[in-house]
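Letters A, B, ... mirror the listed sequences (proteins, then strands); counts begin at 1. Values in this document were obtained by computation on a predicted structure and should not be read as measured data.
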Amino acid sequence: MPNREARNAVDLDDLYRDVILDHYRQPRNRGALESASIAAEGFNPSCGDEIQLSILLEDETVSALRFGGSGCSISQSSASMLTEALAGRSLADARELSGHVQDMLTDDGFDLDQVDLGDLEALSGVARFPVRIKCGLLAWKVLDQALARAAGEEPREYDDIPTRITSN
Amino acid sequence: MTTAALDIAAIRADFPILSREVRGRPLVYLDNAATTQKPRQVIEALTHYYSNTNANIHRGLHTLAEEATAAYEATRSKTAEFIGAAHPQEIVFTRNTTESLNLLAYTLGARLRPDDEIILSALEHHSNLVPWQLLAQRSGAKLRFIELTEDGEFDLDQARSLFNPRTRIVSVAHMSNVLGAIAPVADLVEFARAVDATVILDAAQSAPHMPVDVGALGVDFAAFSAHKMLGPTGVGVLWGKRELLADLDPFLGGGEMISVVNREESTWAALPHKFEAGTPNIADVIAFSAALDYLSAVGMQTVRDHDYALTAYAMERLSTIEGMEIYGPPGPERRGAVVAFNYADIHAHDIATILDSGGVAVRAGHHCAQPLMRVLQVPATARASFYLYNRESEIDALVDGLREAGSRFGLSV
Ligand SMILES: Cc1ncc(COP(=O)(O)O)c(C=O)c1O
């Protein structure tokens, strides 16, 4: 039944894109910044994935990021890609990008052609695996928390993904 | 040990769900420690009840109520027989193992004093841990833990050293839902008797998978869930020695559990009704009867032998994969039909997703045993668990799926 096999293969290929596996095996910016302006962490109680982010902000710009934590390939590669994609962006820009990525993961009507997400587009396949969406979102929820605090706003609480500011 | 005693094809034909496909592949259901599938006999018992008998029990004087009451009580007798209980009155129906254990933590717990001790083990399911933590907070009692050997079995010397005159309760999993390890019940009972402590068995995994005779085991209480042994969800069993149950105060108050109710106080119904407040899960209890019949017809020793053969085969096949770490006792002799593992640096959730794409259902995560994950020093494991309808070819499908995972993650397979 080649058709069936092919369909399965396509599904999994959608989730486990080369970019994702590459970031999982060779994570970028792993660790913590001693000079971080802000640090936040979050975990997914249903599966135990953990992400810590430390961020250096200079002149309203994200100048460096590091991530730590443990978990599945999706949660860890998502964090690794996040650190690459955000370095050098303004705070406002970073928050907008985070919104796009989260929409891509959760919004059926999201149009990939509308915004250029670069490598982050590799995460789009996660949306087709409902139980794994939270894995993909984790790092971005932690980021939201940190950037909201950096912007002087009250960070949002997420019921299902507890996050908290660890230093600022 | 062979599987020849079981006609697997005939058994599989009784489980409608086993003929469905998942993601275009035949379902390979290897998550039986979480819950088992249901034979058509159980499904039919449910619809038969609602179509023919439905009535509240123990209160109506009409024919339907009489029939429903008789069927409900017949399941109680059958359950008693199934586990070798001395009397049907020793069987209390609850919602699940968790509720049975909470019932004990409340009722037995009401008698504890600060500095009394409760012995649990390092491998307990949260169901047999958190109720005791809550009790410890209420009563000031202390929790003590039996540690594990390298093989994931109870360290008997260390266990012995925990027992002392302050020990009031010991409550352990008869069979671990992660490691498969089977507890040394006879030793624990001996240690407990010497200090007059109460022994509770979390039989959630053992009652479905091996002959369990509570009389022969010599324990005081046992808890298990119908849904893990071919029965419906929403039915748990608490077994307790009659004199011990009789001596306990009620857990929940309300209808059914009373004898005479006055404005200020009441007296309690006889066992087991004292512990069954309100309208119980009548339909599911009655359908559980069909599950017990099914297992009895096959024979629990036959189930155990089949589990044994599958576990042996799975461990042998899995251990041929480089980078595979299997947790728990090394051979199938001292373990039940669960095999928890990690494969190189592939996270358990990735394994579960990749297996699912080939129709293979396994569990991945902490298996409601977070403290055990810390002992194993892993965040999670994957777990395959078997039952009487599984066959070797399904373990082959598991192994094929794992090889696929390995090649996706760039391992040499
Ligand atoms: C060893 C053990 N104890 C307790 C439980 C809890 O069972 P339930 O969720 O039916 O209350 C389980 C199953 O999840 C188990 O495997």
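- Here the OG-CD1 distance, from A/Ser73 to B/Ile354, works out to 7.5 Å after rounding to the nearest 0.5 Å.
- In this structure, a donor-acceptor pair under 3.5 Å is absent between the side chains of A/Asp11 and B/Ser357.
- Among residues 106-117 of chain A, no residue has any heavy atom closer than 4.5 Å to a heavy atom of chain B.
- A/Arg132 and B/Asp350 make their closest contact through NH2-OD1, 2.7 Å (heavy atoms, listed as atom of the first residue, atom of the second, distance).
- Counted within 6.0 Å of CD on A/Glu84, heavy atoms from surrounding residues, nucleotides or ligands total more than 12; the atom is thus considered enclosed.
- With a 6.0 Å radius and a threshold of 12 heavy atoms from other residues, nucleotides or ligands, A/Arg17 has its CZ atom above the threshold.
- Counting heavy atoms of neighbouring residues, nucleotides and ligands inside a 6.0 Å radius, atom CD of B/Glu322 does not exceed 12 of them.
- For the pair B/Thr353/A/Leu12, a side-chain contact is recorded, criterion being any heavy-atom separation below 4.5 Å from C-beta on.
- The part of A/Asp49 that comes within reach of chain B is its side chain, from C-beta onward, which places non-hydrogen atoms under 4.5 angstrom from that chain.
- Contact annotation for residues 341-349 of chain B against chain A (heavy-atom separation below 4.5 Å, listed by residue number): B/Asp345, B/Ile346, B/His347, B/His349.
- The interface of residues 23-32 of chain A with chain B, defined by heavy-atom distances below 4.5 Å, comprises A/Tyr24, A/Arg25.
- Pairs engaging residues 145-155 of chain A under the salt bridge (charged side-chain N to carboxylate O under 4.0 Å, His left out) rule: A/Arg95-A/Glu153 [sequence neighbours left out].
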